[in-house]
Protein chains: 4
Amino acid sequence: MVEVGGVAGDHLRQYIERIERLEEEKAGIASDIREVFAEAKGNGFDTKIMRQLIKLRGMEESDRQEQEYLLDLYKRALGIDFEPDE
Amino acid sequence: MVEVGGVAGDHLRQYIERIERLEEEKAGIASDIREVFAEAKGNGFDTKIMRQLIKLRGMEESDRQEQEYLLDLYKRALGIDFEPDE
Amino acid sequence: MVEVGGVAGDHLRQYIERIERLEEEKAGIASDIREVFAEAKGNGFDTKIMRQLIKLRGMEESDRQEQEYLLDLYKRALGIDFEPDE
Amino acid sequence: MVEVGGVAGDHLRQYIERIERLEEEKAGIASDIREVFAEAKGNGFDTKIMRQLIKLRGMEESDRQEQEYLLDLYKRALGIDFEPDE
DNA sequence: CTGCCATTTTACCGGC
DNA sequence: GCCGGTAAAATGGCAG
C-alpha cells in the first residue's frame, strides 16, 4: 500500500468508515444488553448470577465438565472439602 | 426473586433469552468487523495501523475532553481561590 | 483547603507522595503475584482454576452458600439441570 | 497436574499460600492508601481531585509516550513512502 | 502457541 | 445503606 490521497487512500478511508459504523452498531447492542440487565435488576434479579447462568449456557458441555473436574481435583490436592451444608 | 417455575421464572427466562439474542447479534457484528479487516489486509493495508487509526479517531473527542477535564482539575488544585469566580 | 504554595500545598504534596510510594509497593507485589502464577503455569498448573480456588478460599462461607443457592435457584427457574455426568 | 495429595499437591499448596500471603500484603497496602486519603480528607483536601492529580502524574510519561506513538503511526499512515528514511 | 490487546467482570469509592 | 459510576483485575480472542 503506497498511494496516499489516491485510490488506496480512498479504500483505506472506506474500510475505516465501514468498521466505525459496525462498531457503532456493536456499541448500541452492548448498550441494549446493559439495559436488559438493568431492567432485570430493577425487578429483583441478581445480575451477577444471571451472568454466571448465561456463561454456563454458552459453554460447551465438555468444557464445563473439564473445568469442574479440574477444580475438584485441585480442591482435593489442597485437602479442601467445601461441603455445601456445613 | 422467589418463585421458581412460576412467574418470576418466566421473566428470568425472557431476560436471559433476550440477552442471548443480543449477544448473538453482537458477535455477528464483531465477525463482520473481522471480515472487513481481513479484506483490507488482503488489499495490502496494515491492520495494526488501521486499528490505531480507528482508536485515535475515537479518542480524539472523548479522550481529549478527558484530558482537558484532568488539566482543569489540576489547575483548580493548583490555583484554588485564586480565580475570581470561585 | 485554601492555601496553595503554602502550608496546605506542602501537605497536599506530602499526601500525594506518600500515596504514590504506597502504590509503587502495591504494584511491586502485584508483579510478584503474577510471577508466582507464571511459575505455577510453567509447572503445569491451570492458573484459571487456581484463581477460582483462591477466591473460594477467601470467600466467607455464608457468601459462598448464598451464591450457590441463588445459582441453583435460577437454574431451576430456567429448567436447567447441568447434570455432572450426562 | 496429575498427582493428588502427592508432590504436585504440595506444590499447588505452596503456590496458593504464597499468593495468598502476597495478596494479604497487597490488601494491607491498599488499606494504608485508604487511610492516607481519609487523613487528607479530614484535613480538608478533596480526594477526588487528589486521585486525578495522581493519575495525571502517573500518565505524564507512559501515556504521553503512547500518544506520541499513536501520532507517529498516524503520520506514517498518512505519509507512507513520503519520508526519505523508509 | 504465545503474547498482546480488547472486552468483560469485579471491587472500590463517593454521593444520596 | 444502597446505588451509580469509575478504576483494577481477569478472561477471552486475535494476530503473528
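Chain letters run A, B, ... following the sequence lines, proteins first and then strands; every chain starts at 1.
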Can you list the residues that meet the side-chain contact (heavy atoms from CB on, under 4.5 Å) rule with [X], with sequence neighbours excluded?
X: A:K41; value: A:T47
X: B:A30; value: A:K26, B:R34
X: D:D32; value: C:L22, D:E35
X: A:R51; value: A:F37

Produce the list of close N/O pairs, under 3.5 Å, pairing protein atoms with atoms of nucleotides 11-14 of chain E; give distances to one decimal.
{"residue": "E:dC13", "atom": "OP1", "partner": "D:R34", "partner atom": "NE", "Å": "2.9"}
{"residue": "E:dC13", "atom": "OP2", "partner": "D:R34", "partner atom": "NE", "Å": "3.4"}
{"residue": "E:dC13", "atom": "O3'", "partner": "D:R51", "partner atom": "NH2", "Å": "3.4"}
{"residue": "E:dG14", "atom": "OP1", "partner": "D:T47", "partner atom": "OG1", "Å": "2.9"}
{"residue": "E:dG14", "atom": "OP1", "partner": "D:R51", "partner atom": "NH2", "Å": "3.2"}

Between [atom2] of [N] and [atom1] of [X], the distance in whole Å:
X: A:E23; N: E:dC5; atom1: CD; atom2: P; result: 16 Å
X: A:M59; N: E:dT8; atom1: CE; atom2: P; result: 17 Å
X: A:L53; N: E:dT9; atom1: CG; atom2: C1'; result: 16 Å
X: C:E24; N: F:dA8; atom1: CD; atom2: C1'; result: 18 Å
X: C:L56; N: E:dT10; atom1: CG; atom2: P; result: 13 Å
X: D:Q52; N: F:dG5; atom1: CD; atom2: C1'; result: 13 Å
X: B:I49; N: F:dG16; atom1: CD1; atom2: P; result: 11 Å
X: C:I54; N: E:dT10; atom1: CD1; atom2: P; result: 16 Å

_Pairs flagged by side-chain hydrogen bond (donor to acceptor under 3.5 Å, both in side chains) wherever residues 13-23 of chain B is involved - sequence neighbours left out_ = A:E39-B:Y15, A:N43-B:Y15, A:R57-B:E20, B:R13-B:E17
*Please round to the nearest 0.5 Å and tell me the distance separating atom CG of A:L53 and atom CG of C:L78.*
5.5 Å
